[in-house]
Q: 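This is the structure I want to talk about, given as structure tokens.
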Protein chains: 2
Amino acid sequence: MSPRRVTMTDVAKHAGVSRTTASLVLSGRGRELRISQSVERRVLEAAQELEYRPDIVSQSMRTGTTRTIGFVSDTVATSRLAGDMIKGALEAARERGVMLFIGETEGEPDLERGLLEAMQDRRVDGIVFASMFTRTIPVPAALTTAPAVLLNALPAEPCPLPSVVPDEIEAGRAAARVLLDAGHRDGIHLVGAGPDIDDVPPGTVAGVERLTGIRDVLDRAGVEIAGGRVCPDWQPEHGYAATAELLERERPRALVCLNDRLALGAYQALDGAGLKVPDDVSVVSFDDHPIATWIRPKLTTVALPHHELGREAVDVLFAEIDRRREGRDPDSRSRRVPMPVRRRDSVAAPRA
Amino acid sequence: MSPRRVTMTDVAKHAGVSRTTASLVLSGRGRELRISQSVERRVLEAAQELEYRPDIVSQSMRTGTTRTIGFVSDTVATSRLAGDMIKGALEAARERGVMLFIGETEGEPDLERGLLEAMQDRRVDGIVFASMFTRTIPVPAALTTAPAVLLNALPAEPCPLPSVVPDEIEAGRAAARVLLDAGHRDGIHLVGAGPDIDDVPPGTVAGVERLTGIRDVLDRAGVEIAGGRVCPDWQPEHGYAATAELLERERPRALVCLNDRLALGAYQALDGAGLKVPDDVSVVSFDDHPIATWIRPKLTTVALPHHELGREAVDVLFAEIDRRREGRDPDSRSRRVPMPVRRRDSVAAPRA
DNA sequence: AGCGGCCGCTAACACGATTTAGCAACCGGC
DNA sequence: GCCGGTTGCTAAATCGTGTTAGCGGCCGCT
């Protein structure tokens, strides 16, 4: 079988000291507690020679901290985006020597509760509670036990939890500015939401906020939105249908698609109508989904910074853990992570 | 602060019995060790009333099993596929009340070693060592300590580890059969690899095995491959280039693309040449990437069963853990998970 | 000589569970 | 009345670590 792990007792024995002394030296408190240099050296050498590594389970037992955090999300498999978020969280955790439990609730309260309990039973130091698309959520009661952060989600009711979300309003503004900068003033249509602020699929934050940002910039510039079409879901087929229907009535100069999958559908409809992107119609979108660089021409889009969101959430979580340890009140503000514009080939000046 | 957790001592005190008795009852060994029915009931009631849940860290300390496994992969963020694999693993783990650590090595040996050590230090019960695309890998020494399974990877040298991989050869056969069944005999071209068995991008298992399967079926049917083009990487742009170049020379009747991203590029090139899928050219592919259903017409493809691979890996891992516990030798066979054909709209009978 | 103080280390307990060994009480048989 | 066996429970050890309290020895001062 596998050879028994080297324990601190082994190290102490090998160095000819008590286990206490070994513990003191190895936890760096030797100097403070007046362990002689020679003993200290003997212990360190013994530890190195035996390749001693502390057993974290035992440490957790004693100290109460497991150097482990939980990452709970509704789903991990929707897209590459989810993976990026986890990747960011993973990096930030690794820098602190912390491991990540992951779990998915599939949106079911039972699974959610079970998962949170399983993590608490394993004494996680904190929990990142993530949603794969931005929305407001009812905060589970179990989340108030351990330090926690909401990721890509806002609490439905005021609660003492910090949250990390993408800055969708500013993203909307950025998308509108891309078109204005290229010289567009007329024939700007929306695909997926709008034109009015109430025309959004239910339950999404991204819809309202992106639309708010777009309208804000266009309004200020005195530019009127030519039209818009709300889609129940933001899949390619809906983008195709909305755009095809639009093309029957009029000829747009620019499309703002509310995400890249809609934009893919819009491309297909434009192609079917013999219109060229960007010469005939400019397209700007949101998300920076992998397909944005696969379709032709490559899509100009405002990126969801999933990687950065994941990192930031873990950073905020550890700040929160520190606050708790110091007995301070939790920080319930929400962080807005900027969404960068990826300028590619789908936007051009309108034809004269 | 957060209220102290309810411990077994609390339960025992509340029921008026010793901690030992409480433990016996709660671990279901009460009957066996002749605890009276009345005491048993008192303990169970106390546990329920106090909402007692055992502390898994303490249990781990005593029993050596953490009900936690590690999922180590080179990367988790390449695509939705990775997410699906994790999702499958997660499901299988949840069914056993087991949590999942995840970590990524980014292919760096240092990170890999650190990660495996971190997991061992947390006494994981076993490790799934996954690759995001099928390949042969050198098995890290640290993997032999705990029970482990290779997922989507084959050991470079014989070693006592089971592995779980997709059945790529049979997938190749299935793809070829799709074309034969539709009546194709001539003008079958390969995109991404081939036509000879050596024409594959280096380091991939999928390339050789898919090609092997394709050739196997076509050879048996007496059908000759009209041509092929190996691509250094399997991205849309390579599929586009290979197909565009092919179209300059001749007019294919069917394309076997070695993955869906290549197929996307091929679609674009065919579209550019004014050829219709599937009327002019049939296309069959591999992976069942999300875009397969987004592009028009929807792509017929042989699916990588990522979800199933993840599940299977965890199942095999637990079988392995059981073997070890019973002192039997490890099972070093490799499992082949079938790759199902997704028949959609990109294959039709050749034009008369 | 007696006493206080420092130096360098160790004994012992705690964390929360599991498990082994054993104790007290009762019963029956001779 | 003593012995042996069964019943029903508990004391105590254990896992590997962190931490507090304290012990013996030496030095210096009066």
Side-chain angles (χ1 to χ4, degrees), chain A residues 2-44 46-47 50-68 120-123 125 325, chain B residues 2-44 46-47 50-68 120-123 125 325:
Chain A
S2 48
R4 202 179 50 83
R5 263 186 86 95
V6 173
T7 79
M8 189 177 273
T9 305
D10 298 327
V11 173
K13 204 168 291 177
H14 198 257
V17 298
S18 73
R19 209 174 43 72
T20 306
T21 305
S23 172
L24 258 26
V25 169
L26 291 172
S27 60
R29 299 187 52 200
R31 207 51 63 81
E32 175 191 347
L33 279 157
R34 303 172 313 221
I35 302 294
S36 70
Q37 301 238 358
S38 68
V39 166
E40 174 163 344
R41 221 191 45 237
R42 282 218 312 279
V43 172
L44 291 175
L50 299 178
E51 297 183 18
Y52 169 73
R53 294 201 317 269
D55 178 326
I56 298 191
V57 174
S58 307
Q59 286 184 327
S60 305
M61 186 77 218
R62 180 64 230 228
T63 65
T65 159
T66 50
R67 275 183 272 165
T68 297
Q120 287 167 358
D121 294 348
R122 284 169 179 80
R123 299 202 209 165
D125 294 337
R325 208 193 341 261
Chain B
S2 46
R4 201 179 50 81
R5 265 185 83 96
V6 173
T7 80
M8 188 177 273
T9 306
D10 297 328
V11 173
K13 204 168 292 176
H14 198 259
V17 299
S18 74
R19 210 160 40 75
T20 306
T21 305
S23 173
L24 257 27
V25 170
L26 292 173
S27 62
R29 298 186 50 199
R31 208 50 64 80
E32 173 190 349
L33 278 157
R34 302 173 314 222
I35 302 295
S36 69
Q37 301 237 0
S38 69
V39 166
E40 173 162 343
R41 220 192 45 238
R42 283 218 311 281
V43 170
L44 290 175
L50 300 177
E51 295 183 20
Y52 169 74
R53 295 201 315 269
D55 178 327
I56 298 191
V57 174
S58 307
Q59 285 183 326
S60 305
M61 185 80 219
R62 178 66 227 231
T63 64
T65 158
T66 50
R67 274 184 273 165
T68 297
Q120 287 168 357
D121 294 349
R122 285 171 178 78
R123 298 202 208 163
D125 294 338
R325 207 194 342 260

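Chain letters run A, B, ... following the sequence lines, proteins first, then strands; residues in each count from 1. As the structure is a computational prediction, the values presented were derived from the model and not from experiment.
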Q: Do the side chains of R122(B) and T68(B) get nearer than 4.5 Å, heavy atoms only?
A: no
Q: If only side-chain N and O atoms of R62(B) are considered, is one of them under 4.0 Å from the OP1 or OP2 phosphate oxygen of dT19(C)?
A: no
Q: With heavy atoms under 4.0 Å as the rule, sort R19(A) into base, sugar-phosphate or nothing.
A: base
Q: Which is true for T7(A) with a 4.0 Å heavy-atom rule: it touches a base, it touches only sugar-phosphate, or it touches nothing?
A: sugar-phosphate
Q: Please give, in whole Å, the distance from dA21(C) C1' to L24(B) CG?
A: 13 Å
Q: Assign M61(A) to base, sugar-phosphate, or nothing according to its heavy-atom contacts below 4.0 angstrom with the strands shown.
A: base
Q: Pick from L24(A), T9(A), V11(A): which one makes a side-chain contact (heavy atoms from CB on, under 4.5 Å) with R19(A)?
A: T9(A)
Q: On the nucleotide dT10(D), are OP1 or OP2 found under 4.0 Å from the side-chain N or O atoms that T20(B) carries?
A: no
Q: R123(A) CZ to dT17(D) C1': how many Å, rounded?
A: 12 Å
Q: Contact between Q59(A) and R67(A) at the side-chain level, heavy atoms closer than 4.5 Å - yes or no?
A: yes
Q: Quick check for you: among dG8(D), dG18(D), dC9(C), whose closest atom lies nearest to any side-chain atom of S36(B)?
A: dG8(D)
Q: Find the distance R67(B):CZ to dA17(C):P and express it as a whole number of Å.
A: 12 Å
Q: Write down the distance between CZ (R34(B)) and C1' (dG5(D)), rounded to a whole number of angstrom.
A: 11 Å
Q: Just the rounded figure in Å: distance from P of dA14(C) to CZ of R5(B).
A: 21 Å
Q: For the pair made of CG in L33(A) and P in dC7(C), what is the distance, rounded to whole Å?
A: 12 Å
Q: Mind checking if T63(A) touches a base, just sugar-phosphate, or nothing, with heavy atoms under 4.0 Å?
A: sugar-phosphate
Q: Pick base, sugar-phosphate or nothing for V57(A), based on heavy-atom distances below 4.0 Å to the nucleic acid.
A: nothing
Q: Respond yes when some side-chain nitrogen or oxygen of Y52(A) is under 4.0 Å from OP1 or OP2 of dT17(D), and no when none is.
A: yes
Q: Of the nucleotides dG16(C), dC9(D), dC15(C), which has the atom closest to the S58(B) side chain?
A: dG16(C)
Q: Please tell me which of the listed nucleotides, dT10(C), dC9(D), dA17(C), lies nearest to the side chain of Q59(B)?
A: dA17(C)
Q: Between C1' on dG16(C) and CD on Q120(A), what's the gap in Å once rounded to a whole number?
A: 17 Å
Q: At under 4.0 Å between heavy atoms, what does I56(B) touch on the DNA or RNA strands: base, sugar-phosphate, or nothing?
A: nothing
Q: If you count every heavy atom of other residues, nucleotides or ligands that lies below 6.0 Å from E32(A) atom CD, does the total exceed 12?
A: yes
Q: Side chain of S23(B) only, please: which of dT19(D), dT7(D), dT19(C) is the nearest?
A: dT19(C)
Q: Measure the distance from CD on E32(B) to C1' on dT7(D) and round it to the nearest whole Å.
A: 15 Å
